Amino acid sequence: TGSIVEETTGLNYWVGVTGITVIVGILNFYGEHLIERFETLGTILLYIGYIMFSALVISTHYENIGLVFANNDTSFVPNATPFESLWNGILYMAFNLVVLPASFFTIKRQTKRKQSVISGIIAGILMTIPWFLTYFSVMGFYPSDKVLAAPVPWVVMMQSCNASPWLYVFFGIVMGWTLIETATGIIHAMLERIDQGLKDRHGGFLSRKQKGGMTIGILLASMIMSQVGIIDLIAKGYNALAYAFIAVFLIPLFTVGVYKISQKRKEELLALAKNEN
């Protein structure tokens, strides 16, 4: 967030860092009702920003996009194989598994399986469209190091399109908002787990002040860790996290999880048959 705010608005790096810390702390202090409204508005703004950004970039660099696909250009990673591409896609998906537990607090509003299925489809579509818009935008500059190796590629792409200053500011706000949403959701999920543990063992809950204070503490720790550099964090930390999420979340979900769902369904059918008899 600090990098994005600095590159898009010209404000000091620590303005963005301080801003996200304070805002996320306030959101978790007031709880999920404010978080829901904040994230709903943020999603709308994000889509507006992505559409404006991709329309600008793709309309000015569409010729290179066509050339990249026509020539099967893989020069940025010249020795890439189809298997490596597929595996990198799986790892990219695994990176994003972190947002699933963070969104579970919204499930309490769903009371039927149909609602869950429809919600899952909508969420999948909403998550995928921005990815495609970004992908085609990046192909407009492929294989440029200035874009593909940039800490904030969107800024470099907009600069090459001579975007107006207000678009930089708007996109910076939108991207910062999105990162605030992510931090808020993940920390809120952590606090809910702690709350549930306290409830089960002691019958108590975290106070608002405790939630706000723990949020600030987590973000301060993140701030310190971020000083090793965002590129290094992504290159080293994200890969390890991706494998961890596959091992402790994805594989159990599609094995043990599917088994439990099938068993539950059998129990429901047996109970229904007994009632009919």
Side-chain angles (χ1 to χ4, degrees), residues 1-11 13 16 42-96 99 121-179 181-182 229-235 238-239 242:
T1 306
S3 298
I4 288 171
V5 169
E6 185 175 38
E7 293 196 33
T8 55
T9 66
L11 295 172
Y13 171 87
T43 301
I44 295 169
L45 291 175
L46 177 66
Y47 260 78
I48 294 171
Y50 264 115
I51 290 168
M52 293 171 63
F53 159 77
S54 58
L56 173 68
V57 173
I58 293 173
S59 65
T60 54
H61 291 81
Y62 64 90
E63 291 182 356
N64 193 64
I65 297 172
L67 286 173
V68 169
F69 285 110
N71 297 328
N72 293 316
D73 189 354
T74 60
S75 54
F76 188 74
V77 186
N79 298 318
T81 64
F83 174 78
E84 288 173 328
S85 300
L86 178 63
W87 183 245
N88 279 326
I90 292 171
L91 288 179
Y92 180 81
M93 174 274 299
F95 296 158
N96 292 284
V99 304
I121 292 170
I122 292 172
I125 293 171
L126 290 177
M127 290 171 66
T128 305
I129 290 174
W131 181 87
F132 270 106
L133 293 175
T134 301
Y135 176 75
F136 283 108
S137 297
V138 170
M139 289 301 100
F141 300 88
Y142 192 89
S144 170
D145 280 338
K146 290 182 178 179
V147 172
L148 276 76
V152 189
W154 298 278
V155 174
V156 181
M157 288 189 273
M158 286 192 291
Q159 287 172 344
S160 72
C161 299
N162 297 317
S164 61
W166 68 266
L167 183 58
Y168 281 101
V169 174
F170 177 74
F171 204 75
I173 292 170
V174 168
M175 294 307 296
W177 194 307
T178 303
L179 293 174
E181 285 184 20
T182 305
I230 190 170
I231 300 297
D232 289 338
L233 275 175
I234 292 170
Y238 269 42
N239 272 353

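Source: prediction; values computed, not measured.
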Asks: Can you measure from CG (Leu86) to CG (Leu91) and round to the nearest 0.5 angstrom?
Replies: 10.0 Å
Asks: Measure up the Trp87 and Phe83 rings against each other and bin them: parallel (under 30°), tilted (30 to 60°), perpendicular (over 60°).
Replies: parallel
Asks: CG/Leu45 to OG1/Thr178 distance, rounded to the nearest 0.5 angstrom?
Replies: 8.5 Å
Asks: Ala94 and Ala242: which non-hydrogen atoms are nearest, and at how many Å?
Replies: CB-O, 3.6 Å
Asks: List the atom of Ser137, the atom of Phe53, and the distance in Å for their closest heavy-atom pair.
Replies: OG-CE2, 3.7 Å
Asks: In sequence, state the C-alpha distance, the side-chain angles, and the governing distance for Val57 and Trp154, and then conclude on side chain to side chain contact (heavy atoms under 4.5 Å, CB included).
Replies: CA-CA 10 Å; Val57 173; Trp154 298 278; over 6 Å; no
Asks: Using a 4.5 Å cut-off on heavy atoms from C-beta on, say whether the side chain of Tyr47 contacts that of Leu126.
Replies: yes
Asks: Taking all non-hydrogen atoms of both residues into account, name the closest pair between Pro153 and Val147 and its distance.
Replies: CB-O, 3.5 Å
Asks: Between Val174 and Tyr50, is any pair of side-chain heavy atoms under 4.5 Å apart?
Replies: no
Asks: For the backbone of Asp73 and the side chain of Asn71, can you confirm whether one donor and one acceptor N or O come within less than 3.5 Å of each other?
Replies: no
Asks: Measure the CE-CG distance between Met52 and Leu167 for me, rounded to the nearest 0.5 Å.
Replies: 5.0 Å
Asks: Tell me whether Phe76 at atom CZ has more than 12 heavy atoms from other residues, nucleotides or ligands lying less than 6.0 Å away.
Replies: yes
Asks: If you define the side chain from C-beta out and look only at heavy atoms, does anything of Tyr142 sit under 4.5 Å from Met139?
Replies: yes
Asks: Return the OG1 to CG distance between Thr81 and Asn88, rounded to the nearest 0.5 Å.
Replies: 9.0 Å
Asks: For Phe136, check ring pair (Phe, Tyr, Trp, His ring centres under 6.0 Å) against everything at least two apart and list the hits.
Replies: Phe69
Asks: Can you tell me if Phe132 has over 12 outside heavy atoms packed within less than 6.0 Å of its CZ?
Replies: no
Asks: Closest approach of His61 and Cys161, non-hydrogen atoms and distance?
Replies: CE1-SG, 3.5 Å
Asks: Once you round to the nearest 0.5 Å, how far does CZ of Phe141 lie from CD1 of Ile65?
Replies: 8.5 Å
Asks: Please report the closest heavy-atom contact between Gly42 and Trp177, naming both atoms and the distance.
Replies: CA-NE1, 3.3 Å
Asks: What are the two closest non-hydrogen atoms of Gly140 and Asn64, and how far apart are they?
Replies: O-ND2, 3.0 Å
Asks: Do Lys146 and Ser160 have side-chain heavy atoms sitting under 4.5 Å apart?
Replies: no
Asks: So, do Leu56 and Met157 sit near enough that their side-chain heavy atoms are less than 4.5 Å apart?
Replies: no
Asks: Does some side-chain heavy atom of Asn79 sit less than 4.5 Å from a side-chain heavy atom of Glu84?
Replies: no
